[in-house]
Amino acid sequence: MRDSSLKKNPHDVLISQLWPAQSYVGQLGGTINTKTAMACFKTHDGRNHPETRASLIFRRFNLGRPVFTMIRTRQLVVGLVGLLSLWMVRPEPGQAAESSQPNIVFLLSDDHSYPFLSCYGDGNVKTPTLDRLATEGIRLHRFFTSAPQCVPSRAAYLTGRSPVAARMTRFSSPLPRDETTFPELLREHAGYFTGICGRSYHLDGSASRWGPEISQLMEKHQLRTFADRVDFLNSCADRDVPRQVELFLDQKPENQPFFLWANFSDPHHPWNAPERFRPDPASLKLPAHWPDLPGVRDQLADYCAEVNRLDETISQVVQVLQQRGVLENTLLVFAGDNGAALPHGKGSLYDPGSNVPFFVRWPGAIAPGAESHALLSGEDLAPTLLEAAGVKPPARMTGVSFLSLLKGEPHTPRRHVFVERGPHGSAPVTVGMSNSGYDLSRAVRSDRYKFIYNCTPWIPYGPVDSAGGAAWKEMQLANTEGRLAPGMIATYFTQPRPVYELYDLETDPSELNNLSGQKGLAEIETELRLAMAEKMILDFDYLPLPDLRKNLDEIGGAKLGERASDRRAQFARLDQDGDDRLTNAEFRVNRRPDDAVKWFNLRDVNQDGFISREEFLSPAPKVEPVAPADRE
């Protein structure tokens, strides 16, 4: 810890800290103002001269040569340089905490959806280490990353700004040099030793996937910046993270607070955790947005094994922190970077894509056993950690500190959180691709409702990083065979996808029943559209704003016909041979013969003798008013 006597005036340096010879203190009057001391490091020509700096200081304070000879010049210079260099990283007044600065450790898992920790009540996983850490601090239930993908999500974590505002929606983009990260601010204004280790932090671009030409461009324009942003940078496999933490602590200067961001690959693909971590697929509890199919259960078991292995790895990291005696003075954050790589998760704007486990442990500042359901955003992490270290968050940050919430003090919760979706991975656009690789969409969530705005509705849904897995393949087959529930058909297999989606998360937490355009919810939908428009404007979003006309029933794409969800399920039932079109015989099932003929002719727009899925789901053709019995 720095000398507590510096609290009142951080611009004053105690001479007792600069020279080991205590006799100098009285002769120098006790203190030297920092600006004066730093000026003494320059000779008349403005350059640093190591052998003259000490003499200049003594002449400035009229100590005379006899005093100077009491200690060797070299020792004096070394002491001055070392101790004044520590002064140079001290914060400005009012920006940093003094002796109470916590160490900060940020543990980040990859592709980790809420509630996949057993401390959240999820019985599919066993995470004793993470459970213990969580119960020793505060568990947050409704923390949402700013994107359902790792690169833009991590950009928001580090900058306190949305991925759109930070210009990080292109997945392979490096973080622009003019976007300042909170570890840089901790180092500059609070004297922290900073580091990153573990799985790739994803913010120096992914040019290597494009070949040597793009890598050369990255080097030419000096776009890889993180080696300059932190003091310690070393990517490694999960198993090596505990050792990297040791190396980081070995390099940390004594009595200097530290920030370390440790990244983990688990539970990201490939799912290869040993069998001892894998639960019995038959024992798993499935959420409503996944059908109960063998492939779904098998892949969920693989995923849970990864979470269980993650817990063991983190236990080794915690052991290192304990052995080094720093754990109890450490503010520890655990979070996921985005949701699970399964349908409805990673890459989607439904809750499992961005709602991640998140807890904070800070002995002496956060009461054990606390929990909160307040809405929180990935943008909020940076200003919160800065404030915890005593550093004022810059106005440029769009996130809002929730330090008061962590400490159990009065807190004004967010009304909305915002999530963006952009391109994923490094693959170029191709004809016939799914939205797993390319999508442009935005979401806004309140306590109860979610509004989604799809700007590429013509691109069919595809799960990110899991399209080749057994779960999705079996779901595709079940859809072809008409075995999926209507909500799942509407969510996963509607083409085109709706431009607008609205969900009541209280009655439909799995977001399977799109309510956009319903008259009874017009006021709520308008409020969410306006909130989204405001966020897009402030972030200088490049997408067109959502339609804000008051008559929501007339907005194109809001509804794919009356009773859209019912009609998708009806089409799946009628399409007996699974060829994605209806014959006259299939269409007339359970219809009056004359009614079937009339509506078949109206629906068969291209007159090819069949009704395609698109023709069946399109808005009802306009006809003359008919008796109720004649309605389709």
Side-chain angles (χ1 to χ4, degrees), residues 288-293 343-344 348 350 432 434-435 452 454 456-463 472-503 508 510-518 553 556-623 626 628-632:
H289 52 261
W290 290 335
D292 194 347
L293 300 170
H344 227 64
S348 84
Y350 304 121
S434 72
N435 80 331
I452 297 174
N454 296 305
T456 49
W458 53 88
I459 303 178
Y461 173 78
W472 181 241
K473 288 185 176 299
E474 289 187 14
M475 288 173 67
Q476 289 176 305
L477 179 61
N479 176 62
T480 300
E481 296 176 349
R483 294 187 284 113
L484 283 185
M488 294 185 192
I489 296 172
T491 299
Y492 302 124
F493 297 105
T494 294
Q495 295 183 45
R497 294 178 292 134
V499 175
Y500 303 113
E501 301 175 58
L502 178 69
Y503 298 99
D508 179 28
S510 281
E511 299 164 89
L512 297 174
N513 182 27
N514 183 9
L515 303 175
S516 178
Q518 289 197 4
D553 286 324
K559 294 163 56 175
L560 296 177
E562 266 180 32
R563 309 183 308 278
S565 297
D566 292 342
R567 289 193 63 77
R568 296 179 195 112
Q570 184 183 6
F571 181 87
R573 290 193 300 269
L574 294 174
D575 186 19
Q576 294 296 311
D577 56 5
D579 62 353
D580 221 36
R581 61 181 186 175
L582 302 180
T583 64
N584 200 306
E586 289 174 326
F587 183 78
R588 66 173 57 238
V589 173
N590 296 326
R591 294 176 182 267
R592 295 186 329 190
D594 56 339
D595 186 50
V597 171
K598 180 181 71 174
W599 282 104
F600 187 94
N601 291 332
L602 288 170
R603 286 283 181 188
D604 185 13
V605 177
N606 62 4
Q607 297 298 301
D608 64 350
F610 299 91
I611 296 178
S612 67
R613 177 187 292 271
E614 290 73 20
E615 290 172 334
F616 189 85
L617 295 179
S618 64
K622 293 184 178 180
V623 296
V626 294
D630 292 330
R631 296 186 187 276
E632 185 189 27

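Residue numbers run from 1 in the order of the sequence given.
Residues S510 and H344 share a closest heavy-atom pair of O-NE2, 2.7 Å. In this structure, N435 and G462 approach most closely via the heavy-atom pair OD1-N, 2.8 Å. Closest non-hydrogen pair, V499 versus P457, comes out as CG2-CG, 3.9 Å. Pairing each heavy atom of F610 with each of T583, the nearest pair is CE2-CG2, 3.7 Å. Nearest heavy atom pair, residue W599 against residue R591, reads CB-NH1, 4.4 Å. Nearest heavy atom pair, residue P343 against residue W472, reads CG-CE3, 3.9 Å.
E586 has its side chain within reach of D577: a pair of non-hydrogen atoms, C-beta onward, lies under 4.5 Å apart. Side chains of F571 and E615 form no contact here, defined as non-hydrogen atoms less than 4.5 Å apart. Put simply, the side chain of R497 does not reach to within 4.5 Å of the side chain of N514, judged on heavy atoms. Looking only at side-chain heavy atoms (C-beta outward), L574 and V589 come within less than 4.5 Å of each other. Looking at heavy atoms from C-beta onward, N606 lies in side-chain contact with D604 at the 4.5 angstrom threshold.
Qualifying ring-ring contact (aromatic ring centres under 6.0 Å, His included) partners for Y503, counting only residues two or more places apart in sequence or in other chains: Y350. Looking at residues two or more places apart in sequence or on another chain, you find no salt bridge (Lys or Arg N to Asp or Glu O under 4.0 Å) involving E501. Residues passing the salt bridge (Lys or Arg N to Asp or Glu O under 4.0 Å) test with D608: none are found, sequence neighbours excluded. In terms of the salt bridge (Lys or Arg N to Asp or Glu O under 4.0 Å) criterion, residue partners of D580 (sequence neighbours excluded) are, by chain and number, R613. In terms of the salt bridge (Lys or Arg N to Asp or Glu O under 4.0 Å) criterion, R588 has no residue partners (sequence neighbours excluded).
At least one donor-acceptor pair under 3.5 Å links the side chain of Q576 to the backbone N or O of R573.
Atom CD of E474 is separated from atom CH2 of W290 by 14.0 Å, given to the nearest 0.5 angstrom. For the atom pair CZ (F600) and CG (N584), the distance works out to 4.5 Å, reported to the nearest 0.5 Å. Here the CD1 atom belonging to I489 is positioned 8.5 Å from the OG1 atom belonging to T494, to the nearest 0.5 angstrom. To the nearest 0.5 Å, atoms CZ (F493) and CE (M475) are separated by 5.5 Å.
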Using distance only, find each side-chain donor-acceptor pair of residues 476-488 under 3.5 Å and give its atom names and separation, not counting sequence neighbours.
residue : atom : partner : partner atom : Å
T480    : OG1  : Q476    : O            : 3.1
E481    : OE1  : R483    : NE           : 2.6
E481    : OE1  : R483    : NH2          : 2.9

